[in-house]
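For reference, the structure is listed below as structure tokens.
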Number of protein chains: 2
Amino acid sequence: MSFTTSEENYIKGIFHLQQETGLVNTNSLAAEMQTRPASVTDMLKKLKSKKLLQYEKYKGFKLNEAGKKAALDVVRKHRLWEFFLVEKLKFDWDKVHPIAEELEHISSEELVQRLDNFLGNPSFDPHGDPIPDKNGKIPVIKQQSLSEIPFKKNVTVSSVGNQTAQMLDMLKHYNIAIGTQLTILKKFEFDGSLEIKVSKQNACIISEQVAKNVFVHDV
Amino acid sequence: MSFTTSEENYIKGIFHLQQETGLVNTNSLAAEMQTRPASVTDMLKKLKSKKLLQYEKYKGFKLNEAGKKAALDVVRKHRLWEFFLVEKLKFDWDKVHPIAEELEHISSEELVQRLDNFLGNPSFDPHGDPIPDKNGKIPVIKQQSLSEIPFKKNVTVSSVGNQTAQMLDMLKHYNIAIGTQLTILKKFEFDGSLEIKVSKQNACIISEQVAKNVFVHDV
DNA sequence: AATAAAATTTAGACAAAACTAAAAATATTA
DNA sequence: TAATATTTTTAGTTTTGTCTAAATTTTATT
Ligand SMILES: [Mn+2]
Ligand SMILES: [Mn+2]
Ligand SMILES: [Mn+2]
Ligand SMILES: [Mn+2]
């Protein structure tokens with residue numbers, strides 16, 4: 001089965017939302033996709049007729065197995081292209097998302113497989129998100145928010161929660177990236193800020209907001 | 001100015017035809033684009049309103065400077081991606097055209113510039129066609145059809161005229177690619193076939209049809 | 001339980017890009 | 001030059017994906 005760019009974007013949007021909420025509703029998908037609820041309803045009918053989702057009027061919806069398979073395929077392509085853009089073309093990690101948003105719709109199966117091999121079959125994209133393999137299998141890692149880590153414990157940054165360009169740009173200025181090692185030195189009770197030591201740099205202070213969106217695992 | 005995928009494909013098609021004929025007519029563009037003359041007329045109106053071509057009803061049409069610039073930009077992207085697919089992903093040269101036909105529409109300017117650098121700013125694509133630089137400048141080489149070359153002269157293959165997958169697949173089986181050195185040993189008057197010696201392989205025979213579509217330059 | 005609010009769907013419209021069939025313009029030929 | 005053939009354009013549809021406004025259904029509140 002093959003899908004249009006628009007169908008693929010919706011499928012991916014639904015997949016993303018149902019990870020958190022199980023059932024998805026029309027308004028939240030419209031917000032996610034930056035479109036109107038009426039447009040979502042139209043697309044839901046089409047995706048249902050293509051047997052990609054369970055959907056009853058007014059009752060919410062979610063992808064079935066075929067839909068999840070399709071979603072994982074788009075996610076795989078998105079993340080492989082992001083990896084390519086950062087590792088091979090030396091893009092900054094806060095610039096690659098919109099480009100991958102286009103590249104993920106290139107249809108050739110063989111292209112994806114060869115790209116995967118060319119890149120060395122990476123397991124995580126530049127933001128620390130797992131890259132599904134060609135069967136849709138996703139690697140899992142145990143990670144915690146930096147806001148839950150005790151003082152003086154050495155940890156490695158594994159992924160980023162909020163992946164807006166604004167957030168990623170900020171982390172870039174802190175010299176924080178996937179794989180960066182750091183330790184928490186102190187918590188300021190006033191606003192929940194954390195003083196942290198990033199690898200061999202001077203200590204610096206990050207807001208609670210930032211800390212909550214940085215995920216880490218043991219060194 | 002930015003264009004839709006369809007607009008870009010038409011612009012490229014017109015550019016290709018006007019290289020040979022100067023003025024282009026509706027039916028030949030329809031044939032080139034595998035579409036209907038009525039669809040061509042529709043698009044011509046749109047491209048004229050975008051000031052990309054000179055066009056008077058029933059009188060033929062051709063790209064103006066803005067149109068040529070746009071065409072060269074698409075051609076540049078197409079050929080850079082083809083180079084990437086063959087040189088980095090190890091695709092055979094007869095498989096890359098349809099994939100590049102999609103990739104050429106990815107919009108990021110920075111992507112093209114970084115890809116160009118990553119590839120080492122190549123001057124020719126895998127089929128020997130010149131890659132325009134970012135200003136639209138095209139490298140030229142002096143080349144002749146293999147059918148016009150005298151016997152025993154050592155020449156290097158520089159490009160292919162007919163680039164259908166069928167032709168490219170055939171040349172692959174002859175072990176003929178861009179850069180291959182060869183010599184003509186004999187011409188058969190019966191059907192114009194040529195006996196040629198390809199680098200260090202055994203002599204072989206190619207049809208007049210093939211010879212006419214292989215372009216070569218001095219070693 | 002009745003009413004108000006929010007969420008969702010339907011109805012109808014629009015733009016892009018294609019198509020077919022018919023009309024109009026141009027080119028060819030007798 | 002008149003008749004015929006070819007080329008091109010126009011008129012009217014279709015499909016996909018979007019939108020607004022209105023109607024409907026569900027949920028929350030008095
Ligand atoms: Mn996308
Ligand atoms: Mn990512
Ligand atoms: Mn194309
Ligand atoms: Mn080529």
Side-chain angles (χ1 to χ4, degrees), chain A residues 1-14 17-18 20-63 67 70-71 74 101-102 104-107, chain B residues 1-14 17-18 20-63 67 70-71 74 98 101-102 104-105 107:
Chain A
M1 187 70 80
S2 88
F3 308 107
T4 68
T5 291
S6 191
E7 286 168 349
E8 287 186 343
N9 284 333
Y10 273 98
I11 290 166
K12 196 160 57 100
I14 298 167
L17 291 179
Q18 81 182 30
E20 286 147 26
T21 55
L23 259 198
V24 185
N25 47 299
T26 305
N27 275 0
S28 40
L29 184 55
E32 168 88 9
M33 309 286 302
Q34 314 228 73
T35 187
R36 297 298 171 163
S39 309
V40 169
T41 303
D42 287 345
M43 184 56 84
L44 290 175
K45 286 178 194 162
K46 195 176 321 173
L47 295 179
K48 187 181 184 184
S49 83
K50 288 199 172 194
K51 300 196 194 310
L52 294 168
L53 48 76
Q54 290 170 238
Y55 167 48
E56 276 183 282
K57 279 208 289 196
Y58 296 104
K59 298 282 166 67
F61 47 91
K62 65 178 178 186
L63 297 174
V74 182
E101 202 56 54
E102 293 183 52
E104 70 189 359
H105 305 291
I106 303 293
S107 58
Chain B
M1 186 71 78
S2 86
F3 309 107
T4 67
T5 291
S6 191
E7 285 167 350
E8 288 185 342
N9 284 332
Y10 273 97
I11 291 167
K12 195 160 56 102
I14 298 167
L17 291 179
Q18 80 181 29
E20 286 147 26
T21 56
L23 259 198
V24 185
N25 47 299
T26 305
N27 275 1
S28 40
L29 184 56
E32 168 87 11
M33 309 286 303
Q34 313 228 73
T35 186
R36 297 296 172 166
S39 310
V40 169
T41 303
D42 287 345
M43 183 57 84
L44 290 175
K45 287 179 193 161
K46 197 178 319 175
L47 295 179
K48 187 182 185 185
S49 83
K50 288 199 171 192
K51 299 197 194 309
L52 294 168
L53 47 76
Q54 291 169 239
Y55 166 49
E56 275 183 280
K57 280 207 289 196
Y58 296 103
K59 298 282 165 68
F61 47 90
K62 64 179 179 185
L63 297 174
V74 183
E101 202 56 54
E102 292 183 52
E104 70 189 359
H105 306 292
S107 58

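Every chain is numbered from 1, with letters handed out A, B, ... down the list of sequences. Computation of the quantities below employed the complete heavy-atom set of this structure, encompassing side-chain atoms and omitting hydrogens, waters and symmetry-equivalent molecules.
- If you take CG of A:Leu44 and C1' of C:dT9, they are 11 Å apart, rounded to a whole angstrom.
- Separating the CG atom of B:Asn25 from the C1' atom of D:dT7 is a distance of 8 Å, rounded to the nearest angstrom.
- In this structure, NZ on B:Lys50 lies 8.0 Å from CD1 on B:Ile11, to the nearest 0.5 angstrom.
- Note that CZ of B:Arg36 and CG of B:Asn27 are 10.5 Å apart. Values are rounded to the nearest 0.5 Å.
- Within the structure, a side-chain polar atom (N or O) of A:Lys57 is placed less than 4.0 Å from OP1 or OP2 of C:dT10.
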What is the per-nucleotide protein-contact pattern of nucleotides 11-20 of chain D, from the 5' end, where B denotes a base atom under 4.0 Å from a protein heavy atom, S denotes such proximity for sugar-phosphate atoms only, and - denotes neither?
-----SSBBB
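- You'll find that the side chain of A:Thr41 is closest to C:dT8, out of C:dT8, D:dT26, C:dA24.
- Look at CG on B:Leu47: it is 13 Å from P on D:dT9, rounded to the nearest Å.
- Atom P of nucleotide C:dA16 and atom CG of B:Asn9 are separated by 17 Å, given to the nearest angstrom.
- If you check every strand for non-hydrogen atoms under 4.0 Å, B:Tyr55 touches sugar and phosphate atoms only.
- With a 4.5 Å cut-off on side-chain heavy atoms, B:Thr41 and B:Tyr55 count as touching.
- At D:dT7, none of the side-chain N or O atoms of B:Lys59 fall inside 4.0 Å of OP1 or OP2 (strictly under the cut-off).
- Between B:Lys12 and the options B:Glu32, B:Glu101, B:Glu7, a side chain to side chain donor-acceptor pair (under 3.5 Å) holds for only B:Glu101.
- Between B:Leu29 atom CG and B:Gln18 atom CD the span is 10.5 Å, to the nearest 0.5 Å.
- Note: B:Asp42 CG to B:Tyr10 OH = 8.0 Å, rounded to the nearest 0.5 Å.
- At a threshold of 4.0 angstrom between heavy atoms, the contacts of B:Thr26 are confined to the sugar-phosphate backbone, with no base atom among them.
- Nucleotide C:dA17 holds its C1' atom 17 Å from the CZ atom of B:Phe3, rounded to whole Å.
- Put simply, CD on B:Glu8 is 15 Å from C1' on C:dA16, counting in whole angstrom units.
- Residues passing the side chain to side chain donor-acceptor pair (under 3.5 Å) test with A:Lys62, sequence neighbours excluded: none.
- When the C1' atom of C:dA5 is taken as reference, atom OH of A:Tyr58 falls 15 Å away, rounded to whole Å.
- Atom CD of B:Glu56 is separated from atom C1' of C:dT26 by 14 Å (rounded to the nearest Å).
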